[in-house]
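Quick caveat: nothing in here was measured; it's all calculated off a predicted structure. Chain identifiers are assigned alphabetically (A, B, ...) following the order of the sequence lines, protein sequences preceding nucleic acid strands; residue numbering begins at 1 within each chain.
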Number of protein chains: 2
Amino acid sequence: MTGFTIKDVAREAKVSVGSVSRVLNGLAVSEAMKKKVDAAVAKLGYQPNSLARSMRTRSTGAVGFLVTDISNPLYGATINAVDARLRANGLMLLLASSGNRLQTELDVLAEFKRRRVDGLLMAPGSDANGPMLETLERFGAPIALMSGDFPRRFASVTTDYRSGVKSATRYLLDLGHRRIALLTPLAHLWPGRERIAGFRAAFREAGLPEQNALVRPQNLGLDTADDVADLLDVAQPPTALVLLGTRILAGALRTLRERRLRIPADLSIISIGDTEWTAVHEPPITALRWSADDVADALVGLLLAQINGVAAGAAPGRVTVPTELVLRGSCAAPRDPGA
Amino acid sequence: MTGFTIKDVAREAKVSVGSVSRVLNGLAVSEAMKKKVDAAVAKLGYQPNSLARSMRTRSTGAVGFLVTDISNPLYGATINAVDARLRANGLMLLLASSGNRLQTELDVLAEFKRRRVDGLLMAPGSDANGPMLETLERFGAPIALMSGDFPRRFASVTTDYRSGVKSATRYLLDLGHRRIALLTPLAHLWPGRERIAGFRAAFREAGLPEQNALVRPQNLGLDTADDVADLLDVAQPPTALVLLGTRILAGALRTLRERRLRIPADLSIISIGDTEWTAVHEPPITALRWSADDVADALVGLLLAQINGVAAGAAPGRVTVPTELVLRGSCAAPRDPGA
DNA sequence: TTGAAAGCGCTAACAA
DNA sequence: TTGTTAGCGCTTTCAA
C-alpha cells in the first residue's frame with residue numbers, strides 16, 4: 001500500500017540492500033549490479049523513503065521559508081523565485097505565513113526545527129528582538145533573513161527602502177512640493193522605519209522643516225481611504241502622497257477618485273512597490289521598484305553558502321538590493337508651488 | 001550541535017525513553033513523571049525529531065501543494081488560506097510551483113511521494129491526462145485536485161467558470177453587444193475550455209451566431225497588448241472584451257489607453273477574476289469573482305475527510321465554487337447597437 | 001565490488 | 001504506571 005522498501009528491491013534483484021543503496025546513490029558498482037537494481041526499481045515503481053534517508057544522513061533537503069503574507073503581490077514574486085532556485089539545488093520549500101503574529105512565528109520556527117530543515121529563510125513580521133533573536137540563535141541550522149536590521153551574526157538581505165524613499169521624496173521636493181505625506185503600514189517594524197527615515201532625510205537634506213513631512217502610519221485594521229480623507233480635510237493639505245503597498249495605494253486612489261481630485265494636477269502620487277497595475281492606471285503611477293529575483297537570488301545564495309560550508313569562518317553575508325524610481329505620469333509640480 | 005535526543009532527556013530526567021515518549025505524546029503518566037520530564041525538556045530545549053517520529057507512525061504531518069504559479073494574485077489568496085487551514089489542523093505545507101511544465105509537475109510529485117506526504121493538493125498546470133493521471137493513481141496518499149475535469153475517483157473542487165462566463169457574456173449581450181471577444185490564457189486546459197464553453201453557450205442560448213463569439217487564446221509568450229491591437233484593426237471590431245487574468249487585463253487596458261479608446265463608451269470590458277485593482281481603475285471594472293477562502297476550505301476539507309478516514313467508502317467529494325458578477329462601471333450599451 | 005550488520009531517534013508492544 | 005526492546009527504511013562501516 002504505502003509502497004515498497006529497499007528490502008523489496010533487494011529481494012527482487014537478488015542482491016543485498018547495501019548494493020541497492022549504492023546504486024541509488026550513484027556509488028561504485030558493477031555494470032551488472034546497476035542493471036539488475038535499476039530493473040527491479042523500475043518494475044516495482046520504487047521511490048526511496050526520504051525520511052529514512054534523512055535520518056541517517058542528517059539532512060532533510062528541506063528549507064523552511066517563513067513569510068508574513070503569501071498573498072501580498074509584492075512577496076509573491078519573491079516566493080516563486082525562491083522556490084525555483086531552491087528546487088534547482090535539490091531542495092524543497094516548506095512555506096508558512098505568519099500573518100505578522102509573533103506567536104505564529106515562534107510556533108512555525110519550532111515546527112521547522114522539529115522537521116530538521118537544512119536551512120531557514122525568514123522575513124520577520126514582528127520586530128526581531130529578544131525572544132525571536134534567541135530562538136534564531138538556537139535554531140541550529142543555517143539562516144538567511146530578509147527585510148530587517150539584524151545583528152551582524154545573521155546573513156541577511158535587505159531592500160534599500162531608505163535611499164529609495166529618500167530619492168522619491170527628493171523628486172517630489174524638486175518638483176516644488178513642500179507638504180508631502182507618507183503612508184506606510186507597520187511603521188514600528190524595520191521596513192516602515194527605514195522608509196520613514198529616508199522620507200525625513202530628504203526633507204532634512206533639502207533644508208526643509210521636518211514638520212512638513214507628514215508621516216501617517218497605517219494600521220492593518222485601519223481603512224486607508226478614510227485616513228486619506230482626514231489628511232485632505234485640513235487647511236493646508238499635502239500636495240503629494242507617498243504610498244506603500246497594494247492595499248494602501250488602492251485605498252488612497254479610491255478616495256481621490258471619490259473626491260474628483262485629479263492626478264497629478266491636484267495631487268501627486270508615488271507608489272512604493274511596483275506591480276503590473278501601476279503602469280495601467282490612468283495616469284500611470286510613478287513607482288519605486290526593486291527586483292524580486294535579486295532578493296531571491298541573494299537570499300538563497302546566502303543560505304546555500306552556509307549549507308555548503310563555503311562561507312565557513314567568514315562573516316555572514318549582507319546584501320542590499322537597490323531600488324529604482326520609475327518615472328511615469330502621476331507626479332507634477334504643485335498647483336501653488338512653495339505654498 | 002544538532003540538538004538533543006529523547007535519550008538525553010531520559011538521562012536528564014532519570015527515567016526511561018519510553019516514559020519520555022509517553023509524556024511527549026500526552027499518554028497516561030503520573031504527575032511526578034510528567035513534572036520530571038517537562039523539566040528536563042525545558043532545561044535542554046529539546047525538540048523531538050519529527051523524522052524519527054514519522055518513521056514509526058508512518059505519518060509526516062506534511063501536505064504537498066503543487067500550483068502553477070505562486071505569484072499569480074488570483075492564486076495567492078488561496079495558498080494563504082490553505083496554509084492557515086492546514087496549520088490549524090496540525091499539518092505543514094510543502095509548496096511547489098510548476099510553471100505549467102509537465103516534467104516539473106512529475107518531478108515534484110515524485111519528490112512529494114519520497115517525502116511521504118500525508119496528502120496532496122494540486123492544481124494541474126498541464127492537462128491531467130494519461131501519464132499524470134497514472135502518477136496520481138499510484139500516489140499512495142489522499143488527493144484533492146482543483147481546477148480541472150477529473151475522473152470521479154478523485155476528490156476535486158472547481159470554480160464554476162462556465163456559468164460565470166456565460167452570465168457575464170449574457171450581460172453584455174443584453175446590453176446590446178453582438179461582437180464580443182474572449183481573451184484567455186492556456187485555452188487548451190480545463191479552465192480555459194470551461195470559459196470558452198460558457199462564452200459560446202451564451203451566444204447559442206441567445207440564438208446568435210457563434211462566429212460573433214471571438215475566442216482569442218493567449219499564449220504565455222504572446223503580448224496581449226499586441227493581440228488586442230490586431231483585434232481592433234478590422235472593419236467590424238468587437239464592442240466588448242472579456243479578459244482573463246491580471247496580465248491579460250493589464251495588457252489590454254494598456255492598448256486601449258494608447259488608442260485613446262474610452263471605457264465603456266467605446267468598448268466594454270469584463271474581467272474574469274477580481275483583484276484589489278479592478279475597483280480602483282477608472283472606470284471601475286466589472287468583474288467575475290469567486291471566493292479564494294471557499295476554494296481553500298473545500299480543498300482542505302476534502303483532503304482531511306480522506307486523511308481522517310471520515311469519507312471511507314463514500315465516493316470522493318466534488319465541490320463547485322460559484323462565481324458572482326460584480327457590476328461596476330466598465331460596461332455600457334454599444335455605440336451602434338445591433339451592428 | 002559485494003554482503004552483513006549496526007544504528008539514526010523515535011513509538012509501541014510486551015513485561016514487570 | 002513504568003522500563004525494556006524491537007523495528008520503521010535507510011546509509012555506512014567493516015569484512016570478505
If the condition is side-chain contact (heavy atoms from CB on, under 4.5 Å), which residues does [X] pass it with, not counting sequence neighbours?
| X | result |
| --- | --- |
| A/Q47 | B/A110, B/K113, B/R114, B/R116 |
| B/R193 | B/D127, B/W190 |
| B/R56 | none |

At a heavy-atom distance below 4.0 Å, which nucleotide of DNA chain C is the first touched by chain B, and which is the last?
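Result: C/dG9 to C/dA13.
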For B/R153, look at atom CZ and say whether over 12 heavy atoms of other residues, nucleotides or ligands are found less than 6.0 Å away.
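Correct, the count exceeds 12.
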For [X], which residues count as a side chain to side chain donor-acceptor pair (under 3.5 Å) partner, sequence neighbours excluded?
| X | answer |
| --- | --- |
| A/D38 | A/K34 |
| B/S16 | B/S19 |
| A/S59 | A/D118 |
| B/D294 | B/S291 |

Five pairs at each end of the helix from C/dT1-D/dA16 to C/dA16-D/dT1: take the axis at both ends and give me the angle between them to 10°.
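If I round to tens, the end axes sit 40° apart.
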Salt bridge (Lys or Arg N to Asp or Glu O under 4.0 Å) pairs, two or more places apart, involving residues 63-84 of chain A:
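Passing the test, one end in residues 63-84 of chain A: A/D83-A/R87.
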Sequence neighbours left out, what pairs pass salt bridge (Lys or Arg N to Asp or Glu O under 4.0 Å) with at least one residue falling in residues 3-23 of chain A?
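Residue pairs with at least one partner in residues 3-23 of chain A: A/D8-A/R11, A/E12-A/K43.
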Specify the separation, in whole Å, of atom NZ of B/K14 and atom P of D/dG3.
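Interatomic distance, NZ of B/K14 to P of D/dG3: 13 Å.
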Polar atom pairs (N or O), protein with nucleotides 9-12 of chain D, under 3.5 Å:
unit_1: D/dG9; atom_1: OP1; unit_2: B/R58; atom_2: NH2; d: 2.5
unit_1: D/dG9; atom_1: N2; unit_2: A/A52; atom_2: O; d: 3.4
unit_1: D/dC10; atom_1: OP1; unit_2: A/Y46; atom_2: OH; d: 2.3
unit_1: D/dC10; atom_1: OP1; unit_2: A/N49; atom_2: N; d: 3.0
unit_1: D/dC10; atom_1: OP2; unit_2: A/I6; atom_2: N; d: 2.2
unit_1: D/dC10; atom_1: OP2; unit_2: A/Y46; atom_2: OH; d: 3.4
unit_1: D/dT11; atom_1: OP1; unit_2: A/N25; atom_2: ND2; d: 3.2
unit_1: D/dT11; atom_1: OP1; unit_2: A/R53; atom_2: NE; d: 2.6
unit_1: D/dT11; atom_1: OP1; unit_2: A/R53; atom_2: NH2; d: 3.1
unit_1: D/dT11; atom_1: OP2; unit_2: A/S21; atom_2: OG; d: 2.8
unit_1: D/dT11; atom_1: O2; unit_2: A/R56; atom_2: NH1; d: 2.9

